[in-house]
Every structure is written in C-alpha cells, then in structure tokens.
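No hydrogens, no waters, no symmetry mates; every other heavy atom, side chains included, goes into these values. Along the sequence shown, residues are numbered consecutively beginning with 1.
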Amino acid sequence: MSVPCDLRPPVLPSSIDKGVIESLRVQAYDYCVGNGLVSHKRTEAGDVIMHVPCTLLPSPVPKKLFELAWDLAKDFNTLVHLTAQHPEFLRTTLRDVPDEFTRNLLKIYDTVMSEGIRQKAMLGLHRSDYMLHSPSPGTHSLQQVEINTISSAFPTLTTKTSHFHRYLLERNDLSGTYHSDNLPPNKAQQQIPAGLAHAWRHYNAPGAVVLMVVQEGERNRWDQRGIEYELFERHHVPLIRRTMREVIQTGALDAKGALILEGKYEVAVVYFRAGYTPNDYSEEGREWDARLLIERSLAIKCPSISYHLAGAKKVQQVLAHKGVLESLIHEKGSIDRLRSCFTGLYSLADGDSKEIIEDAKANPLKYVMKPQREGGGNNIYGPDVPKALSQPDRAAYILMDRISPQPHPVLIMRDGQIIAADAVSELGVYGVFLADGAQVLVNEAGGLLLRTKISHVEDGGVAAGVAVLDSPYLI
C-alpha cells in the first residue's frame, strides 16, 4: 500500500526560535533524568548515568501506514508460531546455512525435539521493524526490515519517550503547530510484563519466578528494570536476573523437569534478554549448556528455540517465496497485509539468485547483505557488498533490496546538547503471543518503538550509539 504524504514536521526546526529550543532542551534533559529515561554511558572516568539519546520533538509517520503496522503485529505473531510448528521447514531452511551460531541453535533444537518437548506452551514477545520506502518524493509504503523474536528491547524506554514527547508538547503550548492527539498511545511497558504475567499464571505454580537471562555487564538494565518493577507492582510476580553462566552454575532439573536455580527458585518463565548474539557464548561452551538446560526444562520460554529460529533472516527470506506464506496462513486478509510489507529478499546459496547477485555487484547501493543475527551493526552495505558476495561464506547472509526512506528534519538531544540534522526513522511494533500447542491464549499488539538516525548513517541501533529514541506523530 502506497500513501501520498508530506513527511515534513508541523514546524521546521530551522524556524523555531533559538531561545525556545534552549528552553525545550533544559526541560527535556530534566524530564528524562527525573523520569528514568536514562542509560549507562561509558566514559574514560567510568560508567555514568545519562539521559537516553532522543529527539526533542516527535517525528512524522503516515497514519494509514502506522495503522497497517499495528494490524500486522497479530499477523506476524501467528506467522512465527505456525512457522515454529513445522520442524522440517525449519531444518530444511536452515541446515545448509554456513553459520556456526545458527548450527548450534539447530543442534539444541534437534536435541530437544528428539527427546520430546516438555513444555508445549510458548511465549512470544516479538517486534516487527519497518521503514517507509519512498520510491518517489511524497509517496511512501511500509517495508519490513526484520522480525525480532528474541530480546526485543526498549519497551520501558519507548513508553517513557512517548510520555516525554506528550509532556513537552502540552506543557509548552505547542498546540498551534503540534497536536498531542496525533501522538498514539504507547503501553509497551505495561503490555510486555502483562504477557510475562499471563505465561506465569499459565505455568500455575504460585511460588515460581520469572527468570530474565541477561548479558554480563548489562548496560541497558534500566529498560529491563522497568519490566521487572511493572511485573511485580501490577501482577505481584517476582523476577530474578541471571546470566547464562550463572544458570548453568546453579541450575538443575527436578524429577518433573522443572528448572530450579540455586536450590530454591522454581522458574515458571524464562525471558531472554541475552543469547541472541555469538558474543553471549564463550568458547568453552558453558552458555550453550545453559541454553540446552533451559530448553529441556518445564519452564515456558520467551522465546523457545523454535521461535528463535523462526526469526532468522534466512527464514524471513524463504517465507517471502511464492506459495510458502500461503502454505502456513489461510486467511486472505492476513496474507495480503503480510505480502504488502515484504521487500525483495534473495538467497545467496550457490546456484541461487544469479542475476540478482550480478546486479548487486554492479549496483551495490541498491542492496543490503544481512546475516542470521540480532542486535544491529552486522549488515553489509554499499562498496563492501561486491567483495562480500565473492566470499565462500556468502550463503550465511541473505540479500535484501535496500529500503529508501525520505529524510525529514529533526532536533536530536545527545549528551545534553542539541543537534539539527536530516534523519530517517524505523518503526517497530511489539507483539504479545501465548499459545499452548494449537490453543492460542493471547495474540495482540504490544506497544510501539520509533528509532531515528541521521540519514547518512547506514547501520546500528540505539544500543550501538547510532540511533535515538523517538515517537511517531501521525499525519
């Protein structure tokens, strides 16, 4: 679906009085620090707490395309679940990918499948990310960047960002230019913990806990803590934080298969905020042992190993093939919505996509190479594409048509200072999905995330220090 729309904000940053900008900057900085919109920043003097990099004002997003992205959350929730229910599809799609990380995930999958799955219930806290493709000035379509099925970050901080922008607009009487009614509600900080609580209740062991698996030296813990606090304050569900190394050091399965940590915590739900990158697994393999222990357990996983694999880029590419999506989903409206947001996705296995590969070598700016990774900073762009396409391990990647968004002017606050720039935005919509076998218990959209980066920067997210948090202003 293409939508004609002028992406200019209600007022151009260049037309705002410098004194007004300075007043907004001071208010924004104090609001962020005073309301927990913060993160850790590493400096030569050590780690310091700093406001999260963010836009000073929300960025324009076409209302019709935002509504499409919102509706797609339930479609992608269903698609991930149905894909995960087809073992041979996952194996056939991923078994020849020359990537050690993917192979290790598949080994765990094959092990637990051969042993028999103890826990049929699965929790998905996904996030599907999109950009606005603008093939001609003033015309935009929603194109999917990726689906994240593990460690979909920022539900706390994006909710606070939405509140922050609403406060700044209403407090400063900018209603003559911006209208706060155009800011969509964002309850990601409430809906993600609600999904965890629903899974905890389904496990049905009142003394059990939710385990959040975290990285060593986690710097994004304020986003994670918000989930923990909401989970306990609203749902009275306790959450503990442990690394995978701590899980394997203190964890064991009891006679019924329950995961017990430190001899006292029965784990009802495992919520991974780590384990999505090879950097989370040491050479000695103890973290892989922890992942296998968790998968063998009775705990409800978020995600299960099958949901994790269903989010692989190679799976995303194969699902776009003619007839594959239709073999999994039979509701025409859902199929039409899903196909409307697929961009061109191509296999890089030997013998596949020969004409496209040659075109990518000749016109590398038209394409992006993407590995089987989450976390940002892993893609290959521009002049590096031809060389990468000539490497023997190119099948570890997929090739994707490059999405070309229209830049819009923004004011970015980073380290307390304001930067004026042209930028592009990436819209994410969270999905909350809980199923027990074929029985779907929860399927809903779970809030939104908008990240914005300077238009000439190619890759990297908020955690990588490239993008900043933003809110959509619907036009």
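- Looking only at distances, a side-chain donor or acceptor of T158 sits under 3.5 Å from a matching main-chain atom of L448.
- Between H51 and Y29, the ring planes are perpendicular. Angles over 60° get that label, and only those under 30° would be called parallel.
- Remark: D359 pairs with K366 by the salt bridge (Lys or Arg N to Asp or Glu O under 4.0 Å) rule, at least two apart or across chains.
- Considering only heavy atoms from C-beta on, L348 comes within 4.5 Å of I357 through its side chain.
- Within the 4.5 Å cutoff, no side-chain heavy atoms of K453 are placed close to those of V468.
- In the displayed structure, E100 atom CD is contacted under 6.0 Å by at most 12 heavy atoms of other residues, nucleotides or ligands.
- Side-chain atoms of D6 come within 3.5 Å of backbone N or O of R8 as a donor-acceptor pair.
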Scan the side chains in residues 84-92 for donor-acceptor partners under 3.5 Å anywhere in the protein, sequence neighbours excluded, and list what turns up.
| unit_1 | atom_1 | unit_2 | atom_2 | d |
| --- | --- | --- | --- | --- |
| Q85 | NE2 | H81 | O | 3.4 |
| H86 | ND1 | L82 | O | 2.8 |
| E88 | OE2 | R91 | NH1 | 2.9 |
| R91 | NE | D110 | OD1 | 2.7 |
| R91 | NH2 | D110 | OD1 | 3.4 |
| T92 | OG1 | E88 | O | 2.7 |

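- L411 is listed as a side-chain neighbour of I21, based on a closest heavy-atom distance under 4.5 Å.
- Using modelled atom types, one finds no donor on one side chain facing an acceptor on the other under 3.5 Å when comparing H133 with S141.
- L211 has its side chain out of reach of V269: every pair of non-hydrogen atoms, C-beta onward, lies at least 4.5 Å apart.
- No donor-acceptor distance shorter than 3.5 angstrom exists from the side chain of R414 to the backbone of C54, with no hydrogens or angles considered.
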>> Checking F66 against Y473 for the side chain to side chain contact (heavy atoms under 4.5 Å, CB included) test, could you report, in this order, the C-alpha distance in whole Å, the side-chain angles of both residues, the deciding distance, and whether it holds?
In response: CA-CA 10 Å; F66 174 84; Y473 184 83; over 6 Å; no
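- When all heavy atoms of M369 and A388 are compared, the pair lying nearest together is SD-CB, 3.6 Å.
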>> Test salt bridge (charged side-chain N to carboxylate O under 4.0 Å, His left out) on D47 and R219; report intermediate values, then the result.
In response: CA-CA 9 Å; D47 282 7; R219 293 167 57 201; 5.6 Å; no
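- Judged as a salt bridge (charged side-chain N to carboxylate O under 4.0 Å, His left out), the pairs with a partner in residues 416-438 (not counting sequence neighbours) are, in order, E426-R451.
- For K361, the NZ atom sits in a packed shell: over 12 heavy atoms of surrounding residues, nucleotides or ligands are nearer than 6.0 Å.
- Between S471 and H165 the shortest heavy-atom distance is OG-ND1, 2.8 Å.
- Between P184 and P472, some side-chain heavy-atom pair lies under the 4.5 Å cut-off.
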> How far apart are the C-alpha atoms of I192 and Y271, what are their side-chain angles, what is the distance that settles it, and do they pass the side chain to side chain contact (heavy atoms under 4.5 Å, CB included) test?
Replying inline: CA-CA 11 Å; I192 298 302; Y271 174 39; 4.1 Å; yes
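- Under the 4.5 Å side-chain criterion, counting only non-hydrogen atoms from C-beta, L57 is not in contact with V410.
- The heavy-atom pair separating A421 from I454 by the smallest distance is CB-CG1, 4.0 Å.
- A salt bridge links E228 to R225: one of the charged nitrogens lies within less than 4.0 Å of a carboxylate oxygen.
- With salt bridges taken as basic N to acidic carboxylate O contacts below 4.0 Å, none links R103 and D99.
- S282 and E287 form a side-chain donor-acceptor contact under 3.5 Å, judged by distance and modelled atom types alone.
- When atom types are taken as modelled, the side chain of N35 and the backbone of Y31 share a donor-acceptor pair closer than 3.5 angstrom.
- In this structure, F101 has its ring center under 6.0 Å from that of W288.
- In this structure a side-chain-to-backbone donor-acceptor pair under 3.5 Å is missing from E295 to I108.
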>> Assess the residue pair T277 and Q215 against the criterion (side chain to side chain contact (heavy atoms under 4.5 Å, CB included)); give the C-alpha distance rounded to whole Å, side-chain angles, the decisive distance to 0.1 Å, and a yes or no.
In response: CA-CA 10 Å; T277 167; Q215 294 175 324; 4.0 Å; yes
>> Walk me through whether D129 and R127 qualify under salt bridge (charged side-chain N to carboxylate O under 4.0 Å, His left out).
In response: CA-CA 6 Å; D129 295 333; R127 195 187 69 235; 2.8 Å; yes
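- Here the side chains of M244 and D280 are in contact, with some heavy-atom distance below 4.5 Å.
- Between S353 and Y346, the shortest heavy-atom distance links the atoms OG-CB, 3.7 Å.
- With sequence neighbours excluded, the residues that form a ring pair (Phe, Tyr, Trp, His ring centres under 6.0 Å) with W222 are H40.
- Counting only distance, with no hydrogens or angles, the side chain of S15 and the backbone of V11 share no donor-acceptor pair below 3.5 Å.
- In terms of modelled atom types and a separation under 3.5 Å, the side chain of T161 and the main chain of D470 share no donor-acceptor contact.
- Remark: the N443 side chain and the T78 side chain contain an N/O donor-acceptor pair separated by less than 3.5 Å.
- Under the 3.5 Å distance criterion, with hydrogens and angles disregarded, a donor-acceptor pair is assigned to the side chains of S59 and H408.
- A donor-acceptor pair under 3.5 Å is formed between the side chain of D223 and the backbone N or O of L157.
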Compile the donor-acceptor pairs under 3.5 Å between side chains in residues 313-320 and protein atoms, sequence neighbours left out, one pair per line.
| unit_1 | atom_1 | unit_2 | atom_2 | d |
| --- | --- | --- | --- | --- |
| K313 | NZ | E146 | OE1 | 3.1 |
| K313 | NZ | R373 | O | 2.6 |
| K314 | NZ | Q317 | OE1 | 2.8 |
| K314 | NZ | S347 | OG | 3.1 |
| Q316 | NE2 | Q144 | OE1 | 3.4 |
| Q316 | NE2 | V145 | O | 3.4 |
| Q317 | NE2 | H321 | NE2 | 3.0 |

>> S2 vs T139, test: side-chain hydrogen bond (donor to acceptor under 3.5 Å, both in side chains). Steps then yes/no.
In response: CA-CA 6 Å; S2 294; T139 301; over 6 Å; no
> Checking side chain to side chain contact (heavy atoms under 4.5 Å, CB included) for the pair R291/H308: CA distance, chi angles, key distance, verdict?
Replying inline: CA-CA 12 Å; R291 188 70 187 268; H308 188 170; 2.9 Å; yes
>> Could you walk me through whether H140 and S134 satisfy the side-chain hydrogen bond (donor to acceptor under 3.5 Å, both in side chains) test, starting with their C-alpha distance in whole Å, then the side-chain angles of each, then the deciding distance to 0.1 Å, before giving a yes or no?
In response: CA-CA 5 Å; H140 314 279; S134 303; 2.6 Å; yes
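- Pairs passing the salt bridge (charged side-chain N to carboxylate O under 4.0 Å, His left out) check and including a residue from residues 337-356, sequence neighbours excluded, read D75-R337, E326-R339, E331-R337.
- Looking at every heavy atom in both residues, V385 comes nearest to A360 through CG1-O, 4.2 Å.
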>> Could you walk me through whether N379 and Y397 satisfy the side-chain hydrogen bond (donor to acceptor under 3.5 Å, both in side chains) test, starting with their C-alpha distance in whole Å, then the side-chain angles of each, then the deciding distance to 0.1 Å, before giving a yes or no?
In response: CA-CA 9 Å; N379 297 339; Y397 294 76; over 6 Å; no
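- With a 4.5 Å cut-off on side-chain heavy atoms, V429 and S128 do not count as touching.
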